[in-house]
Amino acid sequence: MSRHTPSMSVMVAAARKAARGLQRDFGEVENLQVSLKGPANFVTAADRKAEKTIFEELSKARPGYGFLMEEGGVVEGADKSHRWIVDPLDGTTNFLHGIPHFSISIALERDGQLVAGLVYNPISDEMFIAEKGQGAFLNDRRLRVAARRDLAQAVVATGIPHIGRPDHARFGAELGIVMNEVAGVRRMGSAALDLAYVAAGRFDAYWEAALAPWDMAAGIVLVREAGGFVADLKGGDTMLDSGGIVAGNDMLYRKLGDLLKKAHKPG
C-alpha cells in the first residue's frame with residue numbers, strides 16, 4: 001500500500017519510532033543473558049519505553065483518541081468514537097532470550113469496530129498493515145490467506161499456556177486432537193505475528209485462548225483484509241472479550257474450530 005491514509009501514516013510513524021528503541025535494546029539483551037540478575041528488568045523497561053513512545057506519538061497526532069494498552073491500561077479520550085489498542089512488545093519472552101521474533105502491534109477501533117491494524121517486526125523489518133476495505137499488505141506487497149482446504153496439508157500455529165497460566169489441561173486436549181489432523185503445529189511466541197503470518201499465507205490457520213485484546217486486535221484486521229476469517233472458540237464474534245480466537249481461510253477456520261469444540265465434548 002504505497003499510499004497510506006492519514007491514520008495509517010500515523011500508526012507507521014509511531015511504530016517505526018518505537019522500533020528504534022527496541023532494536024537498540026534487543027542488541028543489549030545478549031550481554032545481559034550472562035549476568036546473574038538476568039535481563040528481565042531490562043526487558044520490562046524496554047517494553048514500557050516503547051509503549052510511552054507509541055502513546056506520545058499517537059496522542060500528538062490524534063489528541064482526542066482513547067487508548068487500551070498492555071502496560072498503561074485504559075486511557076479515556078475526549079473522542080469516544082476512536083480508540084487505539086496497543087501492544088508495544090508482543091513476544092516478550094522471545095525478546096528476553098534474544099530470539100528475533102517479536103512485534104509491535106497497533107490497532108484502531110472506530111465506534112466499536114476494528115478499522116486498521118499494524119504488526120511490525122523491528123528485526124526483520126516486516127511491516128504488516130491493513131485498513132478496513134483496503135486490503136492487507138506486507139511492505140507494500142498485497143497479502144492473501146493460503147488457499148489450502150485440507151487440514152492434513154495445513155501448518156497451524158498456536159500459543160501454549162506457560163507456567164502460572166491456566167488451561168494447561170485444556171490446551172493438552174486441543175493439541176492432542178489437532179496434531180493428529182494437520183501437517184504441523186507451530187508455536188512461535190507472538191500472537192500478533194501468528195495472525196500476520198496467517199494473513200500472509202505462511203500459516204494456514206491459527207488458534208489460541210486466553211489472549212488480551214492488544215494481542216490480536218491488529219491481527220484480526222490483517223486476516224480479514226487478506227480474505228480470511230476469524231471467530232472466537234465457540235464460532236462467535238467475541239474474540240476481544242473472550243480472549244479466544246481461530247483464524248484461517250473460509251474452510252480451514254471452520255474445520256479447525258470444529259476440531260477444538262470436539263476436544264471439549266464430554267466423554
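Just so you know, these numbers come straight off a predicted model, no measurement behind them.
Expressed to the nearest 0.5 Å, how far OG1 of Thr92 lies from NE2 of His97 amounts to 11.0 Å. To the nearest 0.5 angstrom, Ile54 atom CD1 is 13.0 Å from Lys49 atom NZ. Between Met251 atom CE and Phe229 atom CZ the span is 11.0 Å, to the nearest 0.5 Å. Note that CD1 of Ile177 is 8.0 Å distant from NE2 of His264, once rounded to the nearest 0.5 Å. Expressed to the nearest 0.5 Å, how far CG of Asp194 lies from NE2 of His101 amounts to 6.0 Å. Distance CZ/Phe137 to CD/Glu131: 9.5 Å, rounded to 0.5 Å.
Shown here for Gly135 and Glu225, the closest heavy-atom pair between the two residues is N-OE1, 2.8 Å. Of all the heavy atoms in Phe95 and Phe26, the pair that sits closest is CZ-N, 3.6 Å. Closest approach of Ala130 to Met8, counting heavy atoms only: O-CE, 3.5 Å. Between Ala183 and Gln153 the shortest heavy-atom distance is CB-C, 3.8 Å. Counting all heavy atoms, side chain and backbone alike, Val198 lies closest to Ala205 at CG2-C, 4.0 Å. For the pair Ala247 and Tyr253, the tightest heavy-atom approach, listed with the atom from each and the gap, is C-CB, 3.8 Å.
Note on ring orientation: taking the six-membered ring where Trp is involved, the planes of Phe128 and Tyr197 are tilted (angle from 30° to 60°). Under the 30°/60° scheme for interplanar angles, the aromatic rings of Tyr65 and Trp84 are found to be tilted.
Salt bridge annotation for Glu56-Lys52: present, with a cationic side-chain nitrogen under 4.0 angstrom from a carboxylate oxygen. Residues Arg202 and Glu126 are paired through a salt bridge, judged by an N-O separation under 4.0 Å between the basic side chain and the carboxylate.
Remark: side-chain polar atoms of Asp87 are not paired, donor with acceptor, to backbone N or O of Ser105 under 3.5 angstrom. For the pair Arg62 (side chain) and Val10 (backbone), a donor-acceptor distance under 3.5 Å is absent. Looking only at distances, a side-chain donor or acceptor of Thr158 sits under 3.5 Å from a matching main-chain atom of Trp207. Remark: side-chain polar atoms of Asp232 are paired, donor with acceptor, to backbone N or O of Gly236 under 3.5 angstrom. Under a 3.5 Å cut-off, the side chain of Arg48 and the backbone N or O of Thr44 do not form any donor-acceptor pair. With Asp258 contributing its side chain and Lys255 its backbone, the two residues share no donor-acceptor pair below 3.5 Å. Side chain of Glu51 to main chain of Glu71: a donor-acceptor pair is present (N/O by atom type, distance under 3.5 Å, no hydrogens or angles). Side chain of Asn249 to main chain of Arg149: no donor-acceptor pair is present (N/O by atom type, distance under 3.5 Å, no hydrogens or angles). Judged purely by atom type and a 3.5 angstrom limit, Asp204 uses its side chain to pair as donor or acceptor with the backbone of Val155. Between the side chain of Asp25 and the backbone N or O of Ala46 there is no donor-acceptor pair closer than 3.5 Å.
Hydrophobic clustering (side-chain heavy atoms under 4.5 Å, transitive across Ile, Leu, Val, Met, Phe, Trp, Tyr) keeps Ile106 apart from Leu68. By the criterion of side-chain heavy atoms lying less than 4.5 angstrom apart, applied directly or through intervening Ile, Leu, Val, Met, Phe, Trp or Tyr residues, Val12 is grouped together with Val86 in one hydrophobic cluster. Under the 4.5 Å side-chain heavy-atom criterion for grouping Ile, Leu, Val, Met, Phe, Trp and Tyr, Phe203 is connected to Leu211 within one hydrophobic cluster. No single ILVMFWY cluster, assembled from side-chain heavy atoms under 4.5 Å apart, contains both Ile160 and Ile245. Grouping the Ile, Leu, Val, Met, Phe, Trp and Tyr side chains by contacts below 4.5 angstrom, directly or via other members, places Leu240 with Val223.
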Determine, step by step, whether Leu151 and Leu259 satisfy the side-chain contact (heavy atoms from CB on, under 4.5 Å) criterion, reporting the C-alpha distance in whole Å, the side-chain angles of both residues, the deciding distance to 0.1 Å, and the verdict.
CA-CA 10 Å; Leu151 275 174; Leu259 275 185; 3.7 Å; yes

Would Asn121 and Ser103 count as a side-chain hydrogen bond (donor to acceptor under 3.5 Å, both in side chains) here? Give the steps.
CA-CA 4 Å; Asn121 181 337; Ser103 60; over 6 Å; no

Step-by-step side-chain contact (heavy atoms from CB on, under 4.5 Å) determination, Met188 to Leu193
CA-CA 8 Å; Met188 304 288 280; Leu193 281 173; over 6 Å; no

List the atom pairs, donor and acceptor, that lie under 3.5 Å between side-chain atoms in residues 15-24 and the rest of the protein, sequence neighbours left out.
residue, atom, partner, partner atom, Å
Arg16, NH1, Tyr120, OH, 3.1
Arg16, NH1, Asp125, OD1, 3.3
Lys17, NZ, Glu57, OE2, 3.1
Gln23, NE2, Pro122, O, 2.8

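Residue Lys234 qualifies as open at atom NZ: its count of foreign heavy atoms under 6.0 Å is 12 or below. When the shell of 6.0 Å around CZ of Arg148 is examined, it contains 12 or fewer heavy atoms from other residues, nucleotides or ligands. A 6.0 Å sphere centred on NZ of Lys262 holds no more than 12 heavy atoms belonging to other residues, nucleotides or ligands.
Considering only heavy atoms from C-beta on, Pro88 stays 4.5 Å or farther from Phe55 through its side chain. Side-chain contact check for Lys132 versus Leu114: every heavy-atom pair is 4.5 Å or farther apart. In this structure, the side chains of Leu222 and Leu195 stay at 4.5 Å or more apart for every pair of heavy atoms. Between Val119 and Asp90, every side-chain heavy-atom pair lies at or beyond the 4.5 Å cut-off. Leu233 places a side-chain heavy atom less than 4.5 Å from the side chain of Arg170.
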